[in-house]
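Scroll down for the structure; my scribbles are underneath it.
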Amino acid sequence: MSQADKLKQGQFTNPETPGYVGFANLPNQVHRKSVKKGFEFTLMVVGESGLGKSTLINSLFLTDLYPERVIPGAAEKIERTVQIEASTVEIEERGVKLRLTVVDTPGYGDAINSQDCFSTIISYIDDQFERYLHDESGLNRRHIVDNRVHCCFYFISPLGHGLKPLDVQFMKAIHNKVNVVPVIAKADTLTLRERERLKRRILDEIDEHGIKIYHLPDAESDEDEDFKEQTRILKASIPFAVVGSNQQIEAKGKKVRGRLYPWGVVEVENPEHNDFLKLRIMLITHMQDLQEVTQDLHYENFRSDRLKRGGRLSSHGYILPLSPAKGPEPEETDKDMILQEKEAELRRMQEMIAKMQLQMQKQGDGEGDGPHV
Amino acid sequence: MSEAVMADAMVSPAVGGPYVEKAGGPVVDFSYVGIDAILEQMRRKAMKQGFELNIMVVGQSGLGKSTLMNTLFKSKVSRKSVLATGQEKIPKTIEIKSISHDIEEKGVRMKLTVIDTPGFGDQINNENCWQPIMKFINDQYEAYLQEEININRKKRIPDSRVHCCIYFIPPTGHCLRPLDVEFMRRLSKVVNIVPVIAKADTLTLEERDFFKKKIREELRANGIDVYPQKEFDEDAEDRMINEKIREMIPFAVVGSDQEYQVNGRRLLGRKTKWGTIEVENIAHCEFAYLRDLLIRSHMQNIKDITSSIHYEMYRVRRLNENNTVVARANGIPEHHLAAHEM
């Protein structure tokens with residue numbers, strides 16, 4: 001049979017033959033473009049002081065994100081409210097660029113009365129969503145910077161018997177706004193049995209209180225067995241019990257990241273000692289998924305809530321219609337009035353300018369070549 | 001004359017008195033009266049009466065308070081060991097729970113009361129969480145005072161006063177938290193506070209030293225006087241011993257009620273994948289120092305300071321409550337009067 005006949009029969013032919021269209025190459029193009037563009041990822045860390053958050057972040061990304069850190073004493077802590085500190089670092093590995101922003105929340109849980117300590121955090125998350133919504137609705141959408149929080153590591157103290165009341169309250173306040181990944185900090189305090197017991201307690205309490213933590217998606221059926229097995233192991237180990245360290249210790253003849261005690265060395269990257277490697281693998285293999293869930297679930301929830309409530313964005317943004325079912329709320333009418341007043345003022349000013357220009361034109365005509373208006 | 005001396009010599013009790021058996025026959029020490037015999041009498045009386053010790057443990061849930069008590073007294077004395085269900089739910093308000101045990105060692109009996117304070121520091125809003133504890137301590141002083149001023153009072157007033165309050169500091173490695181400072185500031189004026197760093201197996205030795213130094217600085221900066229208080233050192237010898245202790249507090253402790261085989265011996269410890277932490281090994285943690293302080297060397301001193309200083313301050317304030325003018329005239333400083341207020 002001739003090639004033409006084969007084509008007519010609609011057989012799929014190998015790339016060398018004229019029947020090959022070539023769109024199988026698309027994923028490679030996407031890949032190359034993404035690599036060139038680079039990835040953005042924002043990670044928020046929340047937890048009481050002294051749980052090793054900074055050390056863990058430095059260990060995870062093998063950088064020093066907090067070079068000039070000063071830890072305040074108790075007296076200063078009494079005055080402090082929760083701060084938001086964002087540090088951005090560009091990491092490059094094998095040509096792939098990652099712009100990583102770590103949002104720290106010092107002061108969380110420190111005060112004697114922690115009643116309102118997380119309203120600052122929630123406002124921050126909402127602000128990032130608001131900003132993205134505003135950019136997305138704007139006229140120039142070329143360079144939208146995505147500062148939305150893609151993932152929140154919540155550090156649970158290993159010392160308690162499970163979740164504290166503050167832990168429960170906080171996670172319930174943000175589980176609809178951001179992907180929550182609970183992490184048991186300073187896990188070298190626990191023996192293996194204590195660790196298993198604590199993990200079970202935490203999972204039970206998360207169920208009991210209806211907290212929605214981030215769930216790893218199941219491996220696709222066409223992935224290889226290793227990946228499926230890895231995903232299974234990861235899912236079974238949540239919440240991850242981790243240990244971080246900034247120091248290299250000599251153990252068994254080689255240098256490892258770890259903590260040196262009189263009774264032994266805890267190796268950060270040893271899966272028998274703690275779940276650090278699992279956390280790192282989870283973060284890296286699911287970075288894309290975390291971004292997607294943030295976009296498709298949390299952001300969309302925020303957006304629909306926001307638009308149902310308000311309908312109008314700031315004066316720079318594209319003005320969207322109010323939902324006809326709901327009238328404007330009293331707040332909104334005030335804002336509407338202010339907006340209308342401002343518009344009236346603008347119109348007046350425009351009229352004045354037009355008049356002035358006319359005058360100048362007349363003068364200009366009188367003198368010959370005048371400026372063209 | 002010699003007869004009188006001989007008579008005295010024979011009457012002396014069997015406490016290695018002046019009768020010293022030497023090769024050449026008994027030798028009589030003429031300058032010995034026998035006053036030191038009173039030590040033995042006191043010892044026997046104390047053994048018959050037994051001792052009382054009331055320890056309060058304060059700290060957030062999960063810091064190992066119950067385990068440490070069990071480790072200190074090598075028996076299940078904590079509230080959790082007594083409870084059948086071993087409930088671990090955080091209570092909504094602070095509760096004060098006392099459990100008493102009679103323990104005995106080499107004929108010496110002790111009535112040990114461990115006062116637990118579940119719910120302390122566990123809530124979201126911990127303001128004034130020290131008030132129930134202050135009230136409890138003052139109530140014990142009040143009960144003792146009431147008994148003391150009775151016309152027909154008991155021969156031995158039952159002593160339920162809190163002799164020592166062990167405050168558990170979480171091992172953050174950074175510094176004290178505002179709650180820690182507030183609590184210790186208020187309570188160090190009415191009770192002996194012994195701060196300890198709980199679950200210290202989470203700190204490396206360098207982190208431990210740094211943390212302790214920070215804590216000592218903050219205690220000093222806030223005027224918090226923990227046991228052994230500087231102002232109650234009686235003489236140079238006391239001061240020397242206590243200075244050494246003051247340089248070491250807070251003790252970094254690890255508790256355990258499980259035994260493991262280490263180098264052929266059975267020791268109390270915690271077994272992990274990277275090694276076994278021995279509770280009584282001073283290279284690993286400072287539990288042994290805490291035990292020696294509380295039980296072996298300073299127990300009586302702790303009780304003395306409670307009764308002769310803290311209780312007396314309370315008593316003076318109470319008895320003078322209606323006569324503050326009289327109090328001032330007697331030269332009692334204001335801060336002593338105000339100390340017991342919350």
Side-chain angles (χ1 to χ4, degrees), chain A residues 48-52 71-80 109-117 157-170 185-195 198 201 243 245 247 249 251 258-267 270 272-274, chain B residues 59-64 88-90 92 121-129 168 170-183 198-207 211 214-215 217-218 221-222 254 256 258 262 269-278 281-285:
Chain A
E48 282 177 355
S49 288
L51 283 181
I71 299 175
E76 288 127 339
K77 279 196 191 165
I78 291 178
E79 305 298 319
R80 235 165 40 144
D110 276 348
I112 297 183
N113 182 358
S114 295
Q115 197 62 49
D116 260 326
C117 74
S157 168
L159 304 173
H161 297 295
L163 294 176
K164 294 200 192 127
L166 179 62
D167 299 339
V168 173
Q169 228 190 45
F170 179 77
K186 292 195 169 177
D188 54 354
T189 314
L190 304 164
T191 62
L192 201 59
R193 214 175 341 149
E194 291 167 350
R195 189 195 304 175
L198 184 62
R201 270 304 286 268
V243 176
S245 170
Q247 294 172 322
I249 312 280
R259 292 172 61 72
L260 175 64
Y261 291 109
W263 48 86
V265 176
V266 179
E267 296 167 45
N270 184 337
E272 289 196 349
H273 288 188
N274 71 101
Chain B
Q60 279 181 324
S61 137
L63 286 182
E88 289 171 356
K89 283 243 180 268
I90 294 175
K92 291 274 186 259
D122 287 328
Q123 318 305 326
I124 296 181
N125 181 358
N126 289 312
E127 265 167 17
N128 298 328
C129 63
F168 286 69
T172 58
H174 291 179
C175 58
L176 289 177
R177 301 166 305 154
L179 176 63
D180 302 332
V181 171
E182 273 308 302
F183 180 86
K199 294 201 171 175
D201 56 342
T202 203
L203 300 168
T204 62
L205 292 180
E206 304 165 342
E207 291 167 351
F211 192 34
K214 249 355 257 288
I215 293 179
E217 271 172 27
E218 296 205 307
N222 284 289
V254 175
S256 168
Q258 291 188 321
V262 178
R270 288 171 61 71
K271 188 164 183 168
T272 60
K273 279 250 172 231
W274 46 89
T276 303
I277 303 154
E278 298 163 42
N281 182 340
I282 52 176
H284 287 189
C285 77

Part of A/Glu194 lying under 4.5 Å from any heavy atom of chain B | side chain

For B/Leu179 and B/Cys129, work out which heavy atoms get closest and say how close.
-> CD1-SG, 3.6 Å

Among B/Leu63, B/Val254, B/Leu203, single out the residue with the greatest number of heavy-atom pairs under 4.5 Å to chain A.
-> B/Leu203

At a heavy-atom separation under 4.5 Å, does B/Thr276 approach chain A through its side chain, its backbone, both, or neither?
-> backbone

To the nearest 0.5 Å, tell me how far B/Cys285 SG sits from A/Tyr261 OH.
-> 13.0 Å

Distance from B/Asn125 atom CG to A/Ile112 atom CD1, nearest 0.5 Å?
-> 9.5 Å

Please state whether the side chain, the backbone, both or neither of A/Leu190 comes within less than 4.5 Å of a heavy atom of chain B.
-> backbone

With respect to chain A, which residue among B/Asn281, B/Asn128, B/Asn126 yields the maximal number of heavy-atom pairs within a distance under 4.5 Å?
-> B/Asn126

Looking at A/Lys186, A/Arg193, A/His273, which has the largest count of heavy-atom pairs under 4.5 Å with chain B?
-> A/His273

Ranked by heavy-atom pairs below 4.5 Å to chain B, first place among A/Thr189, A/Leu192, A/Val243 goes to A/Thr189

Region of B/Lys273 in contact with chain A, defined by heavy-atom distances below 4.5 Å = both

Distance in Å, A/Asp188 CG paired with A/Ser245 OG, rounded so as to fall on 0.5 Å steps = 10.0 Å

With a 4.5 angstrom heavy-atom cut-off, which part of B/Glu207 approaches chain A: side chain, backbone, both or neither?
-> side chain

For the pair B/Asp122 and A/Lys164, find out whether any cationic side-chain nitrogen is under 4.0 Å from an anionic carboxylate oxygen.
-> no

Could you tell me which portion of A/Leu166 (side chain, backbone, both or neither) has an atom closer than 4.5 angstrom to a non-hydrogen atom of chain B?
-> both

For B/Glu206, is it the side chain, the backbone, both, or neither that has a heavy atom closer than 4.5 Å to a heavy atom of chain A?
-> side chain

When you measure from the side chain of B/Asp180 to the backbone N and O of B/Leu176, does any donor-acceptor pair fall under 3.5 Å?
-> no

Nearest heavy-atom approach of B/Ala283 to A/Pro262 is O-CG, 3.4 Å

When rounded to the nearest 0.5 angstrom, what distance separates OG1 in B/Thr272 from CG in A/Asn274?
-> 12.0 Å

